[in-house]
Each structure stands twice: as C-alpha cells, then as structure tokens.
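To start, the structure under review is shown below, and the notes come after it.
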Amino acid sequence: MKVTISDVAKLAGVSTATVSHTINNTRYVSQETKEKVYQAISQLGYTPDASARSFRTGKKHTVGFIVPDISNKFFATMIESVESVLAQAGYHLIIANTKEDMTREENSIRLLSAGLVDGLLIASTIDDPERFDRLIPAGFPVVLVDRTFETKRYSSICVSNFQPIYRSVCRLAGKGDQRIGIIGGLPRLSTTKERISAYEQAVADCGLPVEEGLICYGDSMENSAFRCLDELLERKCDAVIVTNGLMATDTITYLHQKGLRMGQDIDVVSFVDFESSFYRMHAGQMDSIIQPVEELGKTAGEQILKRVEDPDAPIFEQVLTSVYKPFTPPAALSHSDR
C-alpha cells in the first residue's frame with residue numbers, strides 16, 4: 001500500500017499540517033519536529049507527488065546531488081563544476097554522500113525529494129532500475145550522472161570509455177605484453193560493465209589469452225586496489241589497466257612500494273579523472289585515459305536546470321568521450337629491453 005502523509009504524521013506524532021509545512025517549508029517548524037518528520041519519511045519510504053507539491057509551493061531554487069564517494073576527487077571536482085553552473089542561475093546545491101551504499105542512497109533520495117530540492121542529480125550505486133524507480137516521485141526532475149541504467153527512463157549524462165580501453169589493450173599487446181590485467185570498480189555499475197566489456201573484446205580481438213583471473217574488481221574507493229594488485233602480480237601480469245582514478249593513485253603507490261618501475265617492469269594504463277600534480281609527475285611512465293570531469297559536471301548542472309524548468313520534456317542521453325593518451329618510452333626503456 002502507498003504510504004500517505006497521514007502515516008508519516010502518525011509515526012512522527014504530529015499533525016498532517018505539520019508534515020506538510022515541514023516538507024514544503026511554508027511555515028516555521030522547530031528543528032526537533034523537523035527531525036521527527038524526516039525520520040518518519042525515511043523510515044516509511046514516503047514519496048509525495050512532486051507535481052502537486054510544486055504547484056502548491058513553487059520552486060526552492062535548490063538542487064540535490066547524490067554522489068557515491070565525496071572523498072573521491074573525481075566527484076569533488078564534478079561537484080564544483082555543478083555548483084558553479086547552479087550559482088550563476090541563482091540556485092543552491094545540497095550534497096548527499098552514499099559511500100556506495102544502496103540503502104543510504106534510498107534514504108537520501110526520499111529525504112531530498114520530499115520537498116527540500118527542485119531536482120536531483122544522481123550518480124547511483126543502486127543495481128536494480130525498478131528499485132530506483134520506486135524511489136522517484138511522479139514528475140520529479142532527475143538527471144543521472146556518470147552511471148546509468150540499461151532501461152532509459154531518466155535523462156542522463158555520462159562518459160564512454162569503451163574505445164580508449166580497447167585501444168589501450170591493443171597497444172599493450174602490440175608492445176609485447178601478453179598477460180594484461182584489469183582492475184574494475186563495483187561489478188554492478190554501468191561504468192564498470194562498459195570498461196570490462198571493452199577489455200574482454202580487445203583481448204579476444206588481439207588474440208591474447210582469456211583468463212577470468214586477470215579481471216579483478218575493487219569497490220571504486222580508496223585502498224581497494226591493493227588486493228587486486230596482489231592477485232594480478234601473482235598471476236604474472238606484465239601490464240595492468242586501472243579503471244578508476246582513485247584506485248589508479250593507489251596502484252602507483254603500491255608499485256613504487258614494491259620497487260616495480262612503471263613502463264619498465266610493468267606497463268600501466270591509468271584513468272585520470274581529476275587534476276593532480278601526482279598524475280603529472282608519473283605521466284611519462286604510463287598510458288592515461290583522461291576523463292572530461294569538469295565538462296561532465298558543467299553539462300550535468302545545465303541539464304538539471306533545464307529539467308527543473310520543464311519536467312515533462314523528453315528524456316535525453318548525452319554521452320561525452322574520454323581521451324586516450326599513450327606515452328612513448330625512451331628506446332632504452334622499451335619492452336624488448338626488460
């Protein structure tokens with residue numbers, strides 16, 4: 001049965017009018033009462049109808065951005081770009097951090113869409129599109145960012161990395177690498193699925209051995225690459241592709257601690273998804289796949305504003321492209337000299 005405003009009021013121990021004023025910010029409600037109301041909303045999974053609420057209250061000039069890891073500079077950089085676009089339009093930005101936890105994302109969507117914001121940007125960690133659908137109020141403006149679902153029910157802005165990964169595998173094979181490993185993010189994510197698919201197709205097309213053990217998954221967060229690197233080195237990998245900037249940073253640190261020289265003892269392809277002097281220092285030792293993170297954030301900000309102005313507009317899918325930047329080692333450091 002659909003949860004009603006009366007159910008929320010009963011659980012919170014307040015009147016339905018108080019719930020309505022809390023959600024719509026139409027009258028003063030004490031902080032203590034607000035917390036009771038929002039806790040009840042979260043517990044019950046209440047999702048008010050967005051179109052009706054908007055008609056009653058007008059816009060809040062606030063957008064929510066639900067991200068999976070705020071400590072990841074990829075998302076931090078994107079947030080800055082989004083915020084810049086929104087500020088120019090007179091909008092504010094509220095951030096929710098899910099830590100790649102589906103339940104935290106569910107709670108964030110329910111809370112923010114219950115009257116706090118005009119629309120949501122979501123880099124979702126949820127694996128089931130139907131589960132996601134049940135969280136979104138009817139008519140509520142949503143733009144998916146970076147991560148999408150196979151079923152196209154929401155507007156989205158993402159980056160395709162298929163061709164850069166495919167090219168990187170073929171280039172490594174051309175240099176003589178035979179055992180190319182890859183470290184992916186969480187297997188349920190659309191970004192991970194695309195990157196692993198590109199790797200598998202390139203491995204097959206280049207005639208390299210197909211081994212499931214050369215594919216390892218981290219959790220897309222800090223320190224998750226170390227276990228994968230242990231496993232891949234045990235399998236005698238002569239090259240590794242790291243499909244996440246945070247895990248790539250960990251990879252460089254790990255190899256340095258092990259005394260392994262990138263471009264000499266092992267070839268590395270690194271995702272570069274935020275500006276860093278650390279990357280620049282090692283750029284001459286590895287191939288890079290550079291993500292247009294600032295453009296991604298700017299476009300996401302522009303698109304959610306359009307969606308807020310016209311929630312009934314046709315959905316769109318915008319795909320940006322990353323840039324593959326191989327490095328050329330000096331002759332003395334070529335693969336044949338290892």
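Nothing here was measured: the structure is a model prediction, and the numbers come from that model.
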Review point. Heavy-atom count around Arg235 CZ within 6.0 Å, excluding the residue itself: above 12?
Key: no
Point to revise | Partner residues of Thr321 under the side-chain contact (heavy atoms from CB on, under 4.5 Å) criterion, sequence neighbours left out | key: none
Review point. Charged N to carboxylate O under 4.0 angstrom, Lys175 versus Asp267?
Key: yes
Point to revise | For Ala12, all residues meeting side-chain contact (heavy atoms from CB on, under 4.5 Å), sequence neighbours excluded | key: Val14, Lys36, Val37, Ala40
Point to revise | Residues which pass salt bridge (charged side-chain N to carboxylate O under 4.0 Å, His left out) with Lys99, listed by chain and number, not counting sequence neighbours | key: none
Review point. Any idea which heavy atoms bring Gly301 and Val85 closest together, and the distance?
Key: C-CG1, 3.7 Å
Check your understanding: Any side-chain heavy atom of Leu93 sitting closer than 4.5 Å to one from Thr62?
Key -> no
**Study point:** Distance in Å, Ile304 CD1 paired with Leu120 CG, rounded so as to fall on 0.5 Å steps
**Key:** 7.0 Å
Practice item. Take Ser81 and Ser84, measure what side-chain hydrogen bond (donor to acceptor under 3.5 Å, both in side chains) needs, and give me the verdict at the end. Key: CA-CA 5 Å; Ser81 295; Ser84 178; over 6 Å; no
Practice item. Using a 4.5 Å cut-off on heavy atoms from C-beta on, say whether the side chain of Ser156 contacts that of Phe316. Key: no
Practice item. Compare every heavy atom of Cys228 with every heavy atom of Cys216, then report the nearest pair and how far apart it is. Key: SG-SG, 2.5 Å
Revision key, fill the gap. So side-chain hydrogen bond (donor to acceptor under 3.5 Å, both in side chains) across residues 291-304, not counting sequence neighbours, yields Asn161-Gln291, Lys298-Glu302, Gln303-Gln318
Study note, to complete from the structure: Apart from Leu186 itself, members of its ILVMFWY cluster (side-chain separation under 4.5 Å) are Leu189
Review point. Who passes side chain to side chain donor-acceptor pair (under 3.5 Å) against Lys306, sequence neighbours left out?
Key: none
Exercise for review: Could you tell me which residues satisfy ring pair (Phe, Tyr, Trp, His ring centres under 6.0 Å) with Tyr91, sequence neighbours excluded, listed by chain and number?
Suggested key: His61
Check your understanding: With a 4.5 Å limit on heavy-atom distance, are the side chains of Met262 and Ile252 in contact?
Key -> yes
Check your understanding: When rounded to the nearest 0.5 angstrom, what distance separates OG in Ser190 from CG in Leu144?
Key -> 8.5 Å
Review point. Below 4.5 Å, heavy atoms only, C-beta onward: do Leu233 and Leu260 meet side chain to side chain?
Key: yes
Point to revise | Side-chain heavy atoms of Leu172 within contact of Asp238, under 4.5 Å | key: no
Review point. Which is it for Thr4 and Asp7 under the side-chain hydrogen bond (donor to acceptor under 3.5 Å, both in side chains) test, yes or no, and what are the steps along the way?
Key: CA-CA 5 Å; Thr4 67; Asp7 297 325; 3.2 Å; yes
**Study point:** Pairwise distance CZ(Arg307) to CG(Asp312) - rounded to 0.5 angstrom
**Key:** 8.0 Å
**Study point:** Hydrophobic cluster of Val319, others only, ordered by chain and residue number, side-chain cut-off 4.5 Å
**Key:** none
**Study point:** Validation row: Asp69, Phe74 side chains within 4.5 angstrom (heavy atoms)
**Key:** no
Practice item. For Thr151, check side-chain contact (heavy atoms from CB on, under 4.5 Å) against everything at least two apart and list the hits. Key: Arg153
Check your understanding: Can Leu116 be reached from Ile5 by stepping across I, L, V, M, F, W or Y side chains whose heavy atoms are under 4.5 Å apart?
Key -> yes
Study note, to complete from the structure: Sorted by chain and number, sequence neighbours left out, ring pair (Phe, Tyr, Trp, His ring centres under 6.0 Å) with Tyr154 holds for Phe132
Practice item. Please determine which of Arg167, Lys325, Arg171 meets the salt bridge (charged side-chain N to carboxylate O under 4.0 Å, His left out) test together with Asp287. Key: Arg171
Exercise for review: Would you mind checking if Glu100 and Arg147 are paired as a salt bridge, meaning a charged N to carboxylate O distance below 4.0 Å?
Suggested key: yes
**Study point:** Intermediate values then yes/no, side-chain hydrogen bond (donor to acceptor under 3.5 Å, both in side chains), Thr125 and Arg104
**Key:** CA-CA 10 Å; Thr125 196; Arg104 286 175 65 107; over 6 Å; no
Exercise for review: Might you point out which heavy atoms bring Tyr38 and Leu111 nearest each other, and give the distance in Å?
Suggested key: O-CD2, 3.4 Å
Check your understanding: Can you tell me how far OG1 of Thr251 sits from CG of Leu246, rounded to the nearest 0.5 angstrom?
Key -> 10.0 Å
Practice item. Find out if a path of hydrophobic residues (ILVMFWY) with successive side-chain heavy-atom gaps under 4.5 Å connects Phe65 to Leu296. Key: yes
Study note, to complete from the structure: Heavy atoms of Ala300 and Val145 approach each other most closely as CB-CG2, 4.0 Å
Check your understanding: Atom CD1 of Ile95 and atom OG of Ser108: how far apart are they, to the nearest 0.5 Å?
Key -> 11.0 Å
Point to revise | Rounded distance [0.5 Å steps], CE in Met78 versus CG in Leu121 | key: 9.5 Å
Check your understanding: Of the non-hydrogen atoms in Gly259 and Asp265, which two are nearest, and what is the gap between them?
Key -> O-OD2, 3.9 Å
Check your understanding: Which pairs, with at least one residue in residues 191-204 and sequence neighbours excluded, count as a side-chain hydrogen bond (donor to acceptor under 3.5 Å, both in side chains)?
Key -> Ser160-Glu194
Check your understanding: Val242 versus Phe271: any side-chain heavy-atom pair under 4.5 Å?
Key -> no
Check your understanding: With a 4.5 Å heavy-atom cut-off, do Ile180 and Val240 have their side chains touching?
Key -> no
Review point. Looking at residues at least two apart in the chain, or sitting in another chain, which of them share a side-chain contact (heavy atoms from CB on, under 4.5 Å) with Glu211?
Key: Arg179, Pro209, Leu214
**Study point:** Nearest non-hydrogen partners of Gly245 and Asp273, listed with the distance
**Key:** N-OD2, 3.0 Å
Review point. For atom CD of Glu150, is the number of surrounding heavy atoms from other residues, nucleotides or ligands below 6.0 Å larger than 12?
Key: no
